[in-house]
Amino acid sequence: MQTNSIADTDIASLAALFTTGPAAILTGAGISTDSGIPDYRGAGSPPRHPMRIHEFMDDLRYRQRFWAGAAVNARRAPVIEPNAGHLAVAALERAGRLNGVITQNVDGLHGRAGARELVELHGNGDVIRCTGCDRRWSRSEVLGWFEELNPGFVERHRDAAINPDGDAEVGDISAVQVPQCPHCTGILRPDVVYFGEFVPVQVFARAEALVESAHALIIAGSSLAVNTGIRLVHRAEKRGIPIAVINRGPTAVDARADLRIEGGTSEHLIALAAALGVRA
């Protein structure tokens, strides 16, 4: 962790945002890179073809490839854990310095780190829901169903290459059986917001409420390339509360931020917690 790149003046300026009361924080992929999750918009990021919901819902072969790749990779991928940045955010919330945590990430790491008032704008990839009856299961449970339906498939493809999105490139999937809802036989899908979908109204309303009650908005590890984050910045600007940005690389609101810090997300949040006397 590059603590030597942190300027004391930056941390003092961040800490000053909390003088009048708690802040809200909006996090993006930059906070999870220290947990080993790639930032697909950062410099040097690998090319990818993001999943579009109409492809998933309308094309059986697409679902076959999705579940096959996910099952093979799940056996090989290391367990991803919250890093010190996630823990610092949770500690700041417990101490009353943050009124809640808003994230664009679908990795579930803020919840596992202990965040309490958590708004996952784009959902949680560890949750699978039925598009028919709206029941939910864990991703690991549904992948277990995949292995029961396709005995030996994962073992036969244990050496498959990993594609840029993290799932295995499994080749022939013509015989793959796709898991279905055991209650209504509906299509199962990750409970996340994909391209072609919108953040649910009630989810955005919870995020908006946090910004409305905060004394400042901190954007950490996000380039704000997604419109939902920009809408929250607009709410903060309308209220006249200060906006701080911590990120490696440019963001869509650099010119509008009251405080702009170029650098790693986790190390600055750890230093902020220490400056405020909060133990992560």
Side-chain angles (χ1 to χ4, degrees), residues 1-39 41-42 80-122 207 210-211 214-224 229 232-233 236 241-254 257-280:
M1 194 161 290
Q2 299 174 357
T3 52
N4 60 342
S5 66
I6 297 176
D8 290 341
T9 53
D10 287 341
I11 299 305
S13 297
L14 275 174
L17 297 175
F18 297 83
T19 303
T20 57
I25 189 167
L26 169 64
T27 69
I31 198 171
S32 292
T33 55
D34 286 337
S35 291
I37 299 176
D39 178 358
R41 287 194 175 91
I80 302 296
E81 299 290 352
N83 63 56
H86 296 106
L87 297 175
V89 169
L92 287 165
E93 185 191 14
R94 285 196 304 273
R97 295 296 194 166
L98 295 174
N99 67 354
V101 182
I102 309 164
T103 187
Q104 297 171 319
N105 301 335
V106 299
D107 51 40
L109 294 179
H110 277 300
R112 290 171 54 197
R116 297 168 180 172
E117 187 60 38
L118 174 61
V119 181
E120 294 173 308
L121 289 172
H122 299 147
L210 289 178
V211 176
H215 292 257
L217 175 62
I218 299 173
I219 298 155
S222 174
S223 62
L224 290 175
L232 293 173
V233 171
I241 62 174
I243 298 168
V245 175
I246 309 167
N247 195 58
R248 280 196 175 102
T251 81
V253 296
D254 284 348
D258 298 278
L259 174 62
R260 173 64 170 97
I261 298 174
E262 172 69 30
T265 302
S266 294
E267 50 261 49
H268 281 90
L269 291 173
I270 295 164
L272 171 62
L276 293 172
V278 174
R279 293 186 63 182

Looking at [atom1] of [X] and [atom2] of [Y], how far apart are the two atoms once the value is rounded to the nearest 0.5 Å?
{"X": "Gln104", "Y": "Ile102", "atom1": "CD", "atom2": "CD1", "value": "9.5 Å"}
{"X": "Ile218", "Y": "Ser222", "atom1": "CD1", "atom2": "OG", "value": "14.0 Å"}
{"X": "Leu92", "Y": "Leu272", "atom1": "CG", "atom2": "CG", "value": "5.5 Å"}
{"X": "Ile219", "Y": "Thr265", "atom1": "CD1", "atom2": "OG1", "value": "11.5 Å"}
{"X": "Thr103", "Y": "His110", "atom1": "OG1", "atom2": "NE2", "value": "4.0 Å"}
{"X": "Thr27", "Y": "Asn247", "atom1": "OG1", "atom2": "CG", "value": "11.5 Å"}

Would you say the side-chain atoms of [X] pair up with the backbone N or O of [Y], donor to acceptor, closer than 3.5 Å?
{"X": "Glu262", "Y": "Gly249", "answer": "yes"}
{"X": "Glu267", "Y": "Ile6", "answer": "no"}
{"X": "Asp258", "Y": "Ala244", "answer": "no"}
{"X": "Arg116", "Y": "Ala90", "answer": "no"}
{"X": "Ser35", "Y": "Glu81", "answer": "yes"}
{"X": "Asn105", "Y": "Asp107", "answer": "no"}

Compare every heavy atom of [Y] with every heavy atom of [X], then report the nearest pair and how far apart it is.
{"X": "Asn83", "Y": "Ser266", "value": "OD1-OG, 3.2 Å"}
{"X": "Val211", "Y": "Ala236", "value": "CG1-N, 3.8 Å"}
{"X": "Ala257", "Y": "Val245", "value": "CB-CG2, 3.8 Å"}
{"X": "Ala95", "Y": "Val278", "value": "CB-CG2, 3.7 Å"}
{"X": "Leu217", "Y": "Val233", "value": "CD2-CA, 4.2 Å"}
{"X": "Val101", "Y": "Ala115", "value": "CG2-CB, 4.1 Å"}

- Are His215 and Thr19 close enough that a side-chain donor and a side-chain acceptor fall under 3.5 Å?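 No donor-acceptor contact under 3.5 Å links the two side chains.
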- Side chains of Asp10 and Ser13: do they bring a donor and an acceptor to under 3.5 Å?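 Side-chain D/A pair, Asp10 to Ser13: absent.
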- Query: side chain to side chain contact (heavy atoms under 4.5 Å, CB included) between Thr251 and Arg260: does it pass, once the steps are laid out?
  - Reply: CA-CA 10 Å; Thr251 81; Arg260 173 64 170 97; 4.1 Å; yes
- Task: Please lay out, stage by stage, how Leu26 and Leu121 fare under the test side chain to side chain contact (heavy atoms under 4.5 Å, CB included).
- Result: CA-CA 10 Å; Leu26 169 64; Leu121 289 172; 4.0 Å; yes
- Could you please spell out the steps behind the side chain to side chain contact (heavy atoms under 4.5 Å, CB included) verdict for Ile31 and Leu269? CA-CA 9 Å; Ile31 198 171; Leu269 291 173; 3.8 Å; yes
- Any side-chain heavy-atom pair from Pro22 and Glu93 closer than 4.5 angstrom?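 Side chain of Pro22 against side chain of Glu93, heavy atoms only: no contact under 4.5 Å found.
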